[in-house]
Protein chains: 2
Amino acid sequence: MSKKHSTSQDVAELAGVSQATVSRVFAGGAIVSEKKKKKILEAAEALGYQPNAHARSLITRRTRMIGVVMRNIRNPFYSAVLEIFHNRLSALGYHLIFINSTNEEIQEKEISQLLEYNVEGVIITDALLSSSAALKFKRSEIAVVLFNRYTEQAGSSSVFCDNYLATKQIAAYLVELGHRSFAFISGPSDTSTTLDRLKGFEEVLKERNITDFMIEPGNYTYESGFKSAQELMTKNKHIDCVFCGNDIIALGAMDAIRVIGLRIPEDVSVFGFDNIRMGAWPSYSLTTWEQPVEEMIDGTIEILLNEINDSTAKPKTLMFKGHMVVRNSVKKK
Amino acid sequence: MSKKHSTSQDVAELAGVSQATVSRVFAGGAIVSEKKKKKILEAAEALGYQPNAHARSLITRRTRMIGVVMRNIRNPFYSAVLEIFHNRLSALGYHLIFINSTNEEIQEKEISQLLEYNVEGVIITDALLSSSAALKFKRSEIAVVLFNRYTEQAGSSSVFCDNYLATKQIAAYLVELGHRSFAFISGPSDTSTTLDRLKGFEEVLKERNITDFMIEPGNYTYESGFKSAQELMTKNKHIDCVFCGNDIIALGAMDAIRVIGLRIPEDVSVFGFDNIRMGAWPSYSLTTWEQPVEEMIDGTIEILLNEINDSTAKPKTLMFKGHMVVRNSVKKK
DNA sequence: ATATATTATGAATACGTATTCATAATCATA
DNA sequence: TATGATTATGAATACGTATTCATAATATAT
């Protein structure tokens, strides 16, 4: 029975070399004679040696770990986001510490965890970052990128869609098609995403002198969408278009609307945001706005790696446009 | 500007004590006078000190890290599983290294990653574990629990539903209701889950002398369910019941069946497995078999922690029963 | 052959913490 | 007050690795 964990010292002894030489083989980059290299690799194999990442990171001051903070991993949009982030970062040799923040705001405890593990960078999606929290990361010189969010104060990098512009286009499109009575089922009102989406939409309605506009607060879940739509539509039978803060809300809204007995899009139009896969399913065929997730993620990673490697890098903002995906949940003229 | 990372030494100097005393405060359990403790905490606060988890794990030989290996995080069942695992383990002071294995089988590289980080335990869901891989974990005395899977050979602990018994009950139920022509859209044929579900179902049909049974291989995705159902139903118009390897397949199958123009359950019955939330959505109202996810997860964690703390613990198998959830996707008599 | 450049290696050290061991300070007891 | 028990602290060390520095072995040029 071998020892619990073999060390480079064990390998060195078995191979008849020094610990330093073993390290050179596994750390790479240094010159080791072929003969010894072979011996060392054989010894390592025999002992089942694996370098200890903690000891290594202690000396190299690089952990190759990235923290990913999410809320609402059940939202298919974020499941997909997590998958893609993992695949990209894994290919780059980084490991993911996954944190699912159950609270609105990323908590002290969660920040501490990430700091203690010396993550090189943090990606924060869909969870609020207070300025004091941002400060802690900054103080430890840990790179932070907000994904699908931004905050004015924090001075962190962020990557997101131009929600304001997008919703302006969406509103214009919907008005153009003849809708006159609108409802908006929103996400939590403390996020940039929610606010911008509302702002753009509302502005266009005002421009066009449409005042028939109800706003229903929600929280970016199916259940929230369902419940909000149910209330809205039973109380306000004249609404002819429901714009949803995101797709998962839209699916809930669609189901609620249909349960009531109304048809989509004949009686009510529904518009989403994100373009998650489920929106394309025939049961929904949701018209929505696509966020270019892959590009957003690539951009996020680029900024993050850049900040990791250059601690003087200034915070960057990367804004994408996205585009409309027309399916069958909106009534055409 | 403070240094990049303050160390316990820095705190010690500022507080006018030794490094050892600082460590005692943060590691807990040791006796430190109130006076010095206060000074130390103040100094730590001032410097933004966080203990270094890597250095700590080096000396304590505990990393408090758990590896979670998944495939197919996009499947809502596993999104939910990940969320719950995270919440539970996080509350217990463990951190999650998330690995999304894109391949059928957990790869050498992924195992190495987990070994290098000295995770204390590994949870493997929905990804195959070869016996050589299992051996590596065993050799490093890393606790392994298979979730929703088992392998005969590996000798690892595992937690799963009694798929065999469940599908027997399901088949009996469906036959009872008058179905005579069956199809099964399965998952990958190399997993215990898939095999057991098929076995139980098939056995009952044989007992009842029902030979009209088609098997369509799939891979536990919506797309797979959609495509399989489409092929099945266009070629075999007489099929009156489709049993699906899991819920996400079932949703795809339902959509495909409806697109063809058939009604559910009037023309075709559909039965799922898992009881993911989406099955309850009115658009689907899927009759299915519920896996008691929370209990399964609690059981998994209990076994895992036990193996972590007692390296002599024998592999355990925990089998749940689950129960049928009747909605409206199956034709009643 | 000798001098010089190159390659290969080991000894020693540092990373930041927890812990053992020894000792100093404080307390309780007789 | 003297003695022993208890509490509080620091010095030293170990965890497993990467890396610097010095030196030995080898190759190359003159």
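Every chain is numbered from 1 and lettered A, B, ... according to where its sequence line falls, protein lines coming before strand lines.
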(request) Show the numbers, then the answer: is there a ring-ring contact (aromatic ring centres under 6.0 Å, His included) between A:Tyr49 and A:Phe26? (result) CA-CA 10 Å; A:Tyr49 169 71; A:Phe26 282 89; 4.9 Å; yes

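One finds no side-chain N or O of B:Thr21 lying less than 4.0 angstrom from the OP1 or OP2 phosphate oxygen of D:dT9. Distances shown here put a side-chain N or O of A:Ser8 below 4.0 Å from the OP1 or OP2 atom of D:dT17. Contact check, B:Tyr117 against D:dG16: no side-chain N or O comes under 4.0 Å of OP1 or OP2. In this structure, B:Thr7 does not reach the C:dG16 phosphate: none of its side-chain N or O atoms is under 4.0 Å from OP1 or OP2.
No hydrogens or angles were tested; on distance alone, a donor-acceptor pair under 3.5 Å links the side chain of A:Arg24 to the base of C:dG10.
Taking both residues in full, the closest heavy atoms of B:Ile142 and B:Gly121 are given as CG2-CA, 3.9 Å, listed atom of the first, atom of the second, then distance. When all heavy atoms are compared, the tightest approach of A:Asp10 to A:His5 is OD2-O, 4.0 Å.
Computed from coordinates, the B:Ile31 CD1 to C:dT23 C1' distance equals 16 Å when rounded to whole Å. Protein atom CG of B:Asn52 is 6 Å distant from nucleotide atom C1' of C:dG16, rounded to whole Å. Rounding to whole angstrom units, CZ of residue B:Arg61 and P of D:dC15 are separated by 7 Å. Whole-Å rounding puts the A:Gln9 CD to C:dG10 C1' distance at 11 Å. The CD1-P distance, from B:Ile40 to D:dG10, rounds to 8 Å in whole Å. Atom CG in A:Leu58 sits about 8 Å away from atom C1' in C:dT17, given to the nearest Å. Rounded to an integer number of Å, the gap from CG of A:Asp10 to P of D:dG16 is 8 Å. One can place CD1 of B:Ile59 at 10 Å from C1' of C:dT20, the figure rounded to the nearest angstrom.
At a threshold of 4.0 angstrom between heavy atoms, the contacts of A:Glu34 with the nucleic acid are absent. Residue contacts shown for A:Glu116 are absent, as no nucleic acid heavy atom lies under 4.0 Å away. Base engagement by B:Ser23 is indicated by at least one non-hydrogen atom pair under 4.0 Å involving a base atom. Among the atoms of the strands shown, only primed sugar atoms or phosphate atoms (P, OP1, OP2) are found under 4.0 Å from some heavy atom of B:Ala27. If you check every strand for non-hydrogen atoms under 4.0 Å, A:Val32 touches sugar and phosphate atoms only. Using a 4.0 Å heavy-atom distance criterion, B:Ser33 is classed as a sugar-phosphate-only contact.
When each of B:Phe320, B:Tyr78, B:Phe85 is paired with B:Phe147, the ring pair (Phe, Tyr, Trp, His ring centres under 6.0 Å) condition holds for B:Phe85 and for no other.
For the residue pair B:Ser158/B:Arg149, the side-chain donor-acceptor check at 3.5 Å is not satisfied.
With C:dA12, C:dG10, D:dG10 as the candidates, the nucleotide lying closest to the side chain of A:Gln19 is C:dA12. When each of C:dT17, D:dA18, D:dG16 is scored by its nearest atom to the side-chain atoms of B:Arg56, the top-ranked nucleotide is C:dT17.
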